[in-house]
Amino acid sequence: MAAFLLVESFLQAKYVMKISNYLLATVKESPADAEIASHKLMLRAGLIRKLASGLYTWLPLGNRALKKVENIVRNEMDKSGAMEICMPVVQPAELWLESDRWSQMGPELFRLQDRNDRDFCLGPTHEEVITDLVRKEYSSYRQLPAIFYQIQTKFRDERRPRFGIMRSREFIMKDAYSFHSDEESLQETYSIMHETYSNIFSRLKLNFRSVAADSGSIGGNTSHEFHVLADAGEDEIVFSTDGKYAANIELAEAHLHTPNKKEEKRDSKLVDTGDATSIDSITKLLGIDAKKTLKTLIVHGEDKEGNISNNLVALLLRGDQELNVTKTEKLKGIYSPLKFASNQLILKQTGSTIGSLGPKDLDIHKIADFSVEGLCNFVCGANMAGKHFTDMNWSENCSYDQVADLRMVQGNDKSIADRSPIEIKRGIEVGHIFQLGAKYSESMDASILDSNGKATLMQMGCYGIGITRLLASCIEQNHDEKGILWPSEIAPFRLIILQIDAHKSADVISISESLYNKSLIFDIESLLDDRDRKTSPGVKLTESELIGIPHRIVVSPRTLKENAVEYTNRQTGAKTKVHIEDIEKFLKETVCID
RNA sequence: CGGGGCGUAGCGCAGUCUGGUAGCGCACUACACUGGGGGUGUAGUGGUCGUGGGUUCAAAUCCCGCCGUCCCGACCA
């Protein structure tokens with residue numbers, strides 16, 4: 001009886017999702033400022049609208065999809081044993097002063113004051129708040145490990161918001177934090193999180209890779225990023241074709257794909273090169289390969305306190321190689337963030353100008369990239385305007401003080417794991433996991449008693465997923481020329497029912513409405529396109545494809561003559577006629593299980 | 001933060017060079033027709049031309065400032 005009443009209440013539902021009374025805000029032309037497919041489609045399908053740069057309103061359709069992405073993440077996080085909490089968006093400056101990030105973070109941190117002039121920020125992340133909570137609530141190793149997470153709005157005053165919600169100033173993130181009494185426990189949870197993330201992205205049917213990553217300003221040691229492969233991605237990721245090595249290009253290492261050849265050493269010569277100052281122009285002028293040249297870059301060093309210093313440092317790379325800024329600025333003695341020396345400063349300290357620099361008689365610290373180590377008979381600047389040396393050799397003519405990995409990995413390089421070929425692809429960073437260690441527990445004094453009754457700092461991990469960005473990535477990877485192809489788990493609706501030529505036959509309305517009610521009973525979220533004759537069949541069909549609902553049933557007099565409706569699968573485009581009496585079975589076997 | 005572009009109806013754009021009644025397409029409203037692929041026709045609604053100042057008899061148009069916005073780069077959990 002109860003079940004029967006439940007069905008009855010469904011049938012009498014007043015909140016039927018009828019398009020005639022729903023904000024289906026599709027547009028034909030995409031706004032001029034949309035650049036990439038997902039951004040254009042999100043605007044065209046009426047998922048979002050821009051309020052200001054980097055700030056978006058989620059329309060009904062987009063909001064439904066967003067909640068579904070959240071729920072998949074929530075579901076998998078719960079399975080991992082993490083506890084969901086909710087922390088304030090507005091955070092007091094005191095905590096950020098404790099961790100020293102109040103000064104470390106630049107203008108990216110949204111700062112504000114309350115009526116009493118107290119400083120606050122809009123949280124870009126929540127390490128400080130969670131550490132504060134845990135240090136107050138936890139006191140024994142016996143209570144650990146503990147994992148907390150939240151799905152929360154974050155703010156970052158990005159210098160350059162772009163690609164719609166892909167890089168916006170306000171966005172939704174799932175952030176999780178784990179606390180441990182020792183490193184072993186941290187590593188255990190770290191690998192559980194790695195697995196959880198893989199499960200989440202697999203459920204979303206994404207083509208993704210996890211790569212070793214730089215931990216950046218958040219700190220810590222080990223870190224992995226999860227990237228959705230897409231040409232529109234802002235990052236470059238490097239992986240070996242056998243899958244044994246994967247890293248963000250910022251820290252990727254590899255063997256050169258074209259090693260330096262050994263040959264008979266020749267005597268060096270000073271040659272006139274006129275106004276040829278770039279590697280490109282030198283190779284053309286002398287008719288040589290860029291691999292036989294050496295380029296010299298001059299950057300600022302740092303003093304003992306890590307401040308910028310006017311002691312310059314020379315970086316030496318093979319001419320065909322490019323400098324990797326992230327790797328370089330981690331080197332001791334080099335100022336971070338990396339700063340190239342000005343022309344005037346170089347002239348003052350070396351007597352040479354950019355474009356004629358070389359290691360011979362260069363009286364500053366010289367760091368050579370591995371790519372130049374074995375160079376033989378190479379060309380480099382002579383530290384005299386308009387002159388270069390040819391046939392230079394290290395022991396005979398010039399020297400360096402230190403060897404380091406300074407270069408950007410290039411396609412076709414060989415993996416350091418096993419020398420299999422390296423591939424470089426673009427990716428969208430949708431997740432990032434870190435082993436923070438004691439960075440925050442130390443600065444914020446978060447300790448517990450260990451089994452010996454001794455106070456010890458907690459080990460921490462943190463784990464983020466950009467929910468809003470993840471949704472955009474799904475569209476970036478799942479669309480065709482007609483519109484979005486939602487993975488069924490996050491589609492705003494599973495089924496769309498179109499009434500076509502309803503004015504010709506009252507059956508169209510009654511059949512489609514009963515079909516709608518049946519779908520609700522089966523727990524299929526459906527949208528009923530009941531718009532009247534002013535909306536042409538073409539519009540209904542085209543829009544249903546643009547918004548990407550996975551399953552579509554068209555109810556029209558044409559097929560009702562045969563006592564049937566027409567089903568179309570958005571993904572495959574396959575059409576089937578379904579007889580009215582088979583419809584429940586069909587819904588169960590086709591739509592419900594997808 | 002450097003370089004570049006753009007701001008004219010809800011959206012996409014023309015008009016700016018060479019100053020002289022603010023236009024086109026889509027959308028929207030009404031009516032008629034049409035009826036399975038973003039229909040057709042007729043008639044309409046909707047604009048301080050981003051903003052402030054200057055030049056001029058007259059400024060969307062020329063000059064100066066500011067703001068917004070997008071792209072490239074730098075930067076970035």
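All heavy atoms count here, side chains included; hydrogens, waters and symmetry mates do not. Residue numbers begin at 1 in each chain, while the letters A, B, ... track the order of the sequences. Everything numeric in this text was worked out from a predicted model, so none of it was measured.
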Next item on the list: For A:D119, check side chain to side chain donor-acceptor pair (under 3.5 Å) against everything at least two apart and list the hits.
Entry: A:Q113
Margin query: Please enumerate all residues that pass side chain to side chain donor-acceptor pair (under 3.5 Å) together with A:T189, with sequence neighbours excluded.
Written below: none
For [N], which nucleotide is its Watson-Crick or G-U wobble mate, given both distances must be under 3.5 Å?
N	value
B:rU69	B:rG5
B:rG36	none
B:rG25	B:rC11
B:rG19	none
B:rU48	none
B:rU42	B:rA30
B:rA58	none

Side chain of [X], heavy atoms from C-beta onward: which of [options] has the nearest atom to it?
X	options	value
A:R159	B:rG12, B:rC75, B:rG36	B:rC75
A:V554	B:rU34, B:rG36, B:rG38	B:rG36
A:V325	B:rG36, B:rG38, B:rC75	B:rC75
A:E545	B:rG38, B:rG37, B:rG36	B:rG37
A:E108	B:rC76, B:rC75, B:rG12	B:rC76
A:D33	B:rG12, B:rC70, B:rG38	B:rC70
A:A52	B:rU69, B:rC13, B:rU34	B:rU69

Checklist line | side chain to side chain donor-acceptor pair (under 3.5 Å) between A:E76 and A:T196, worked out | finding: CA-CA 6 Å; A:E76 294 295 330; A:T196 299; over 6 Å; no
Checklist line | Centroid separation A:H194 to A:F226 less than 6.0 Å | finding: yes
Notebook entry, point to check: Ring centres of A:H432 and A:F434 under 6.0 Å apart?
Noted result: yes
For the base of [N], is there a side-chain donor-acceptor partner from [X] under 3.5 Å away?
X	N	result
A:R44	B:rG38	yes
A:R162	B:rC71	no
A:S556	B:rG36	yes

Rounded to whole angstroms, how far apart are [atom1] on [X] and [atom2] on [N]?
X	N	atom1	atom2	answer
A:E158	B:rU69	CD	P	14 Å
A:I249	B:rC76	CD1	C1'	17 Å
A:R160	B:rG68	CZ	C1'	16 Å
A:F340	B:rG73	CZ	C1'	13 Å
A:H432	B:rC76	NE2	P	13 Å
A:R167	B:rU69	CZ	P	17 Å
A:F434	B:rC76	CZ	P	13 Å
A:L546	B:rG37	CG	P	18 Å

Please work out if [X] contacts a base, only the sugar-phosphate, or nothing of the nucleic acid, heavy-atom cut-off 4.0 Å.
X	answer
A:K50	sugar-phosphate
A:R169	nothing
A:E543	base
A:K504	sugar-phosphate

Check: Is the NZ or CZ atom of A:R209 positioned over A:F239's six-membered ring, under 6.0 angstrom from the centre and within 45° of the axis?
Finding: yes
Notebook entry, point to check: Is NZ or CZ of A:R49 both nearer than 6.0 Å to the six-membered ring centre of A:W58 and within 45° of the ring axis?
Noted result: no
Notebook entry, point to check: Does A:T26 put a side-chain nitrogen or oxygen below 4.0 Å from OP1 or OP2 of B:rG38?
Noted result: no
If I pick the [atom1] atom on [M] and the same atom on [N], what distance separates them, to the nearest angstrom?
N	M	atom1	answer
B:rA27	B:rG68	C1'	25 Å
B:rA43	B:rG5	C1'	40 Å
B:rU29	B:rG46	C1'	11 Å
B:rG52	B:rA60	P	13 Å
B:rC76	B:rC17	C1'	42 Å
B:rA9	B:rC24	P	14 Å
B:rG37	B:rC75	C1'	47 Å
B:rC28	B:rU55	P	46 Å

Item checked: Which residue lies more 5' along RNA chain B, comparing A:E35 with A:D175 via nearest heavy atoms -> A:E35
Check: Closer to the 5' end of RNA chain B via nearest nucleotide, is it A:R533 or A:F171?
Finding: A:R533
Margin query: Other residues, nucleotides and ligands only: do more than 12 of their heavy atoms fall within 6.0 Å of CD on A:E84?
Written below: yes
Notebook entry, point to check: What string of B, S and - do you get for nucleotides 23-31 of chain B 5' to 3' if you count protein non-hydrogen atoms under 4.0 Å?
Noted result: --BSS----
Using the test ring pair (Phe, Tyr, Trp, His ring centres under 6.0 Å), find all partners of [X] that sit at least two apart in sequence or belong to another chain.
X	answer
A:F148	none
A:F586	A:Y567
A:Y177	none

